[in-house]
**Student:** 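Before I ask anything, here is the structure I am working with.
For this chain, numbers begin at 1 and follow the sequence in order.
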Amino acid sequence: MKKLLTFIFTAVMLLSCSGPKDGNYTFQLLTTNDVHGSWFDSTYVGGDLKKSLYAAKFYIDSARTAIGEENTLLVDAGDCLQGDNVAYYFNYVETETPHIYPRLAAYMGYDVVTVGNHDIETGHPVYDRIRKDLESYGIPFLGGNAIKTDNGKPYFQTYKMFKKAGVKVAVLGYTNANIKAWLTESLWSGMTFESLLPLVQNDVDAVIAKEKPEIVIVSVHSGTGEGDGSILESQGLDLYKSLKNVDFLVCAHDHRAVTFQSDSIVLLNAGSRAGYVAQGLLNFTVKDGKVVNKELSAKLIPVDQSKTDQKMRVDFHEDFEKVKAFTLQEVGKLDMDLYTRESFQGQCDYINFIHTVQIGCTPAQLSFAAPLTYNGTIKAGTLIYNDLFTLYPYENQLFVVELSGKEIKDYLEYSYDNWIQTASKPTDHVFKIRPRGDSRYDQAGWSFTGATFNFDSMAGLNYTVDVTKPYGERLNITTLVDGSAFSLDAKYKVAMTSYRASGGGDLLPKGAGVDTDNIDERVVERYPEIREIIYDYLKKNGSISHDKVSDPSVIGTWSFVPEKIAGPAVENDMKLLFGQK
């Protein structure tokens with residue numbers, strides 16, 4: 001009897017440890033990324049349908065049904081927790097009840113979620129809570145290159161194993177390596193972030209040695225990039241060209257909806273805001289317990305916002321109504337229409353308002369600010385909380401930083417060089433634009449070559465920008481707003497976003513030559529999120545008026561010169577970018 005039991009135990013163990021059964025198989029990988037809170041299918045004002053997880057689920061479920069749930073994995077590559085009213089509401093307002101995102105992720109059937117830089121931007125209380133809640137549903141929050149500073153171990157889980165299509169599948173996940181350049185340390189305290197090269201390959205090799213998976217997936221919240229190894233925040237193509245023994249590479253961050261494939265690896269990037277679901281397929285044969293004859297393919301599935309999962313809509317309706325009520329609350333009055341695009345051509349009420357709010361924070365003397373909404377409009381009348389997301393869409397904090405006059409001038413020269421080019425006649429382009437669409441802004445025809453959220457102007461000074469001069473010679477700063485002289489040697493206290501103070505956009509490190517790794521030595525005051533400061537301004541003042549926000553005695557003046565060249569050239573470029581007014 002003892003021998004019989006030993007024989008049965010041995011047989012069972014051999015069966016459980018044996019490889020996959022011989023035959024032909026199909027494995028399916030479905031991915032999303034940079035959803036940025038596009039969870040609900042309806043806007044809060046007007047009720048227009050938009051692309052969302054509700055609609056993405058329709059396509060995901062269809063693909064699951066076609067290939068089989070047992071053969072499918074669903075992965076998100078990060079930037080889940082920021083970018084829409086609903087994310088803000090559950091991150092910072094409704095904090096006592098279970099956060100909606102883990103519930104949504106479980107409802108959608110995500111197997112893995114990767115940590116994005118905007119997820120880290122929400123702060124420890126939010127993403128630590130999200131990680132715990134996701135794990136309660138069996139969903140790991142992966143970020144293997146976020147390394148604890150106290151013990152050198154990953155702060156987030158690095159990988160998870162699955163059994164799909166009869167074989168073992170390893171999914172490894174990593175966040176953006178350049179987070180420290182954008183976010184203040186309080187948001188990522190206790191961590192540092194390693195480059196994905198060579199870390200990912202080393203981890204892949206270790207996981208293969210330990211787990212012996214037949215399929216390997218790497219999900220990175222890193223841009224697709226150029227593949228030349230020069231961009232720390234966009235290492236996707238660098239990995240695509242160099243990774244060995246990886247079947248699928250999921251990229252994100254740059255909102256670039258693309259796929260690349262070779263005989264051995266596929267790269268998937270589903271763009272942003274649930275515009276696409278990316279699908280990777282792997283057909284393979286198992287012979288004598290070994291995987292052979294792998295055939296890879298990939299495509300992007302466009303999401304139609306009208307094809308939503310109606311049951312999901314009903315099941316999360318109560319959450320939607322909570323966010324809608326929050327969004328529609330009145331917060332003040334607006335005395336004039338605001339157009340964010342006007343920021344590109346000079347001073348305007350929109351960017352002047354941001355400057356006014358920032359320079360009003362003690363002890364700021366000056367203010368740097370850029371247009372964070374590309375082409376938004378807020379009509380005069382009653383303001384609701386939803387309008388604050390157009391005024392200020394990000395959760396940046398406000399810092400007051402000490403800079404020298406020379407650093408300020410160099411900073412501005414760098415900023416305007418992102419924005420304009422040297423012109424000699426009215427028919428030249430003043431803006432750095434190119435004739436193509438830009439998926440970041442859904443803008444057809446012409447678009448800026450650089451990211452417009454890095455086009456900083458300054459308040460508190462009187463200055464001009466000469467479009468006929470080369471980089472380094474364009475700025476002519478005359479005086480401070482009180483009429484006193486501006487000195488290159490003097491020290492000034494400058495209000496700016498936490499993103500900028502941390503090195504975002506390179507304006508401080510490359511433009512002004514400031515060591516942002518040690519920015520704390522220069523920070524003289526920290527304030528909460530700028531949107532909350534705007535809200536406080538409205539509670540105090542009741543309204544936004546031209547006279548209050550565009551007062552030259554407070555914010556100063558600046559313009560492009562000479563007018564005979566800059567005026568018509570800027571007007572022509574604005575028409576190319578935005579059409580006739």
Side-chain angles (χ1 to χ4, degrees), residues 33-34 36 78-79 82-83 116-118 121 176-183 221-226 228 230-237 251-258 269 271-273 275 340-345 350-351 354 368-376 389-396 411-421 429-458 465 471 496-512 516 530 573-574 576-578:
N33 55 269
D34 297 278
H36 285 292
D79 275 6
Q82 175 275 340
N117 57 287
H118 281 295
E121 186 180 24
N176 199 282
N178 204 35
I179 285 175
K180 291 172 69 173
W182 308 315
L183 303 180
H221 190 81
S222 187
T224 303
E226 301 299 326
D228 60 2
S230 64
I231 309 174
L232 183 62
E233 69 176 278
S234 297
Q235 297 182 297
L237 281 176
C251 291
H253 182 64
D254 57 3
H255 300 188
R256 183 180 173 191
V258 294
N269 186 331
S272 68
R273 297 189 180 276
T340 65
R341 64 179 178 269
E342 292 180 346
S343 306
F344 305 123
Q345 63 193 65
Y350 161 69
I351 201 68
I354 304 301
F368 285 135
L372 300 186
T373 300
Y374 180 70
N375 189 19
F389 290 93
T390 302
L391 284 167
Y392 210 90
Y394 299 113
E395 276 72 66
N396 292 326
Y411 179 111
L412 286 171
E413 288 280 3
Y414 189 90
S415 175
Y416 282 103
D417 195 56
N418 288 334
W419 184 348
I420 68 168
Q421 56 196 338
H429 293 299
V430 164
F431 294 158
K432 286 185 174 178
I433 57 176
R434 53 189 167 190
R436 68 172 185 82
D438 191 322
S439 61
R440 292 172 298 175
Y441 308 122
D442 293 327
Q443 183 73 30
W446 289 76
S447 64
F448 283 103
T449 59
T452 57
F453 53 77
N454 290 325
F455 294 1
D456 275 22
S457 60
M458 173 157 263
V465 183
Y471 172 47
M496 65 183 70
T497 68
S498 53
Y499 170 80
R500 195 68 79 224
S502 299
D506 288 330
L507 276 74
L508 273 180
K510 291 186 178 179
T516 52
I530 295 171
D573 283 346
M574 289 292 290
L576 290 174
L577 289 165
F578 302 104

**Student:** Verify the distance criterion only: is there a donor paired with an acceptor across the side chains of N117 and H253 at less than 3.5 Å?
**Tutor:** yes

**Student:** Does the side chain of D506 reach to within under 4.5 Å of the side chain of Y414, using non-hydrogen atoms?
**Tutor:** yes

**Student:** Y411: what forms a ring pair (Phe, Tyr, Trp, His ring centres under 6.0 Å) with it, not counting sequence neighbours?
**Tutor:** F368

**Student:** Could you go through the side-chain contact (heavy atoms from CB on, under 4.5 Å) check for L232 and Q235 one step at a time?
**Tutor:** CA-CA 6 Å; L232 183 62; Q235 297 182 297; 3.9 Å; yes

**Student:** Measuring from atom CG of D456 to atom OG of S343, what distance do you get when rounded to the nearest 0.5 angstrom?
**Tutor:** 11.0 Å

**Student:** Is the shortest side-chain heavy-atom distance between L391 and Y350 below 4.5 Å?
**Tutor:** yes

**Student:** State whether the side chain of K432 and the backbone N or O of D417 hold a donor-acceptor pair below 3.5 Å, judged by distance alone.
**Tutor:**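 The answer is yes, because a donor-acceptor pair under 3.5 Å joins these two groups.
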
**Student:** Roughly how far, to the nearest 0.5 Å, is CD1 of I420 from CD1 of I433?
**Tutor:**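 Taking CD1 in I433 and CD1 in I420, the distance rounds to 13.0 Å.
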
**Student:** Decide whether H221 and N33 meet the rule of one side-chain donor and one side-chain acceptor closer than 3.5 Å.
**Tutor:** no

**Student:** After noting the C-alpha distance and the side-chain angles of T497 and Y392, does the key distance pass the side-chain contact (heavy atoms from CB on, under 4.5 Å) rule?
**Tutor:** CA-CA 11 Å; T497 68; Y392 210 90; 3.1 Å; yes

**Student:** Hey, are the side chains of E121 and W182 touching, using non-hydrogen atoms and a 4.5 Å cut-off?
**Tutor:**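 Counting from C-beta outward, E121 and W182 never come under 4.5 Å.
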
**Student:** Check the side chains of T224 and N269 for a donor-acceptor pair under 3.5 angstrom, ignoring hydrogens and angles.
**Tutor:**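 Looking only at side-chain atoms, T224 and N269 do form a donor-acceptor pair, the distance falling under 3.5 Å.
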
**Student:** Which class fits the ring pair W446 and H429: parallel under 30°, tilted 30 to 60°, perpendicular over 60°?
**Tutor:**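 Plane angle between 30° and 60°, so tilted.
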
**Student:** For the OG1 atom of T516 and the NZ atom of K510, what is their distance to the nearest 0.5 Å?
**Tutor:**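 Reported to 0.5 Å precision, the distance equals 11.0 Å.
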
**Student:** Minimum heavy-atom separation for C251 to S222, with atom names?
**Tutor:**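 Reported closest heavy-atom pair: CB-O, 3.5 Å.
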
**Student:** With distance as the sole test, does S272 use its side chain to make a donor-acceptor pair with the main-chain N or O of H255 at under 3.5 Å?
**Tutor:**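 No, because the side chain of S272 does not come within donor-acceptor range (under 3.5 Å) of the backbone of H255.
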
**Student:** Any heavy-atom pair between the side chains of M574 and E342 that's under 4.5 Å?
**Tutor:** no

**Student:** Compare all side-chain heavy atoms of L183 with those of S498 and state whether any distance is below 4.5 angstrom.
**Tutor:** no

**Student:** Can you confirm whether Y471 sits close enough to Y416 that some side-chain heavy atom of one is under 4.5 Å from a side-chain heavy atom of the other?
**Tutor:** no

**Student:** If I take atom CG from residue N176 and atom CG from residue D254, how far apart are they, to the nearest 0.5 angstrom?
**Tutor:**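 Reported value, rounded in 0.5 Å steps: 10.0 Å.
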
**Student:** Going by the side-chain hydrogen bond (donor to acceptor under 3.5 Å, both in side chains) test, name the single residue among H118, R273, Q82 that passes it with H36.
**Tutor:** Q82

**Student:** Take N454 and R500 through the side chain to side chain donor-acceptor pair (under 3.5 Å) test and state the conclusion after the steps.
**Tutor:** CA-CA 9 Å; N454 290 325; R500 195 68 79 224; 2.9 Å; yes

**Student:** Can R434 and F448 be said to form a side-chain contact (heavy atoms from CB on, under 4.5 Å), step by step?
**Tutor:** CA-CA 6 Å; R434 53 189 167 190; F448 283 103; over 6 Å; no

**Student:** Can you check side-chain contact (heavy atoms from CB on, under 4.5 Å) on R341 and L577, steps first, answer last?
**Tutor:** CA-CA 10 Å; R341 64 179 178 269; L577 289 165; over 6 Å; no

**Student:** Between atom CG of L507 and atom CD of E413, what is the distance when rounded to the nearest 0.5 Å?
**Tutor:**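 It is 12.0 Å, given to the nearest 0.5 Å.
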
**Student:** Calculate, to the nearest 0.5 Å, the distance between atoms CG and CD1 belonging to L372 and I354 respectively.
**Tutor:**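 So the gap between those two atoms works out to 7.5 Å.
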
**Student:** Once you measure the plane-to-plane angle for F344 and Y374, does it fall in the parallel (<30°), tilted (30-60°) or perpendicular (>60°) bin?
**Tutor:** tilted

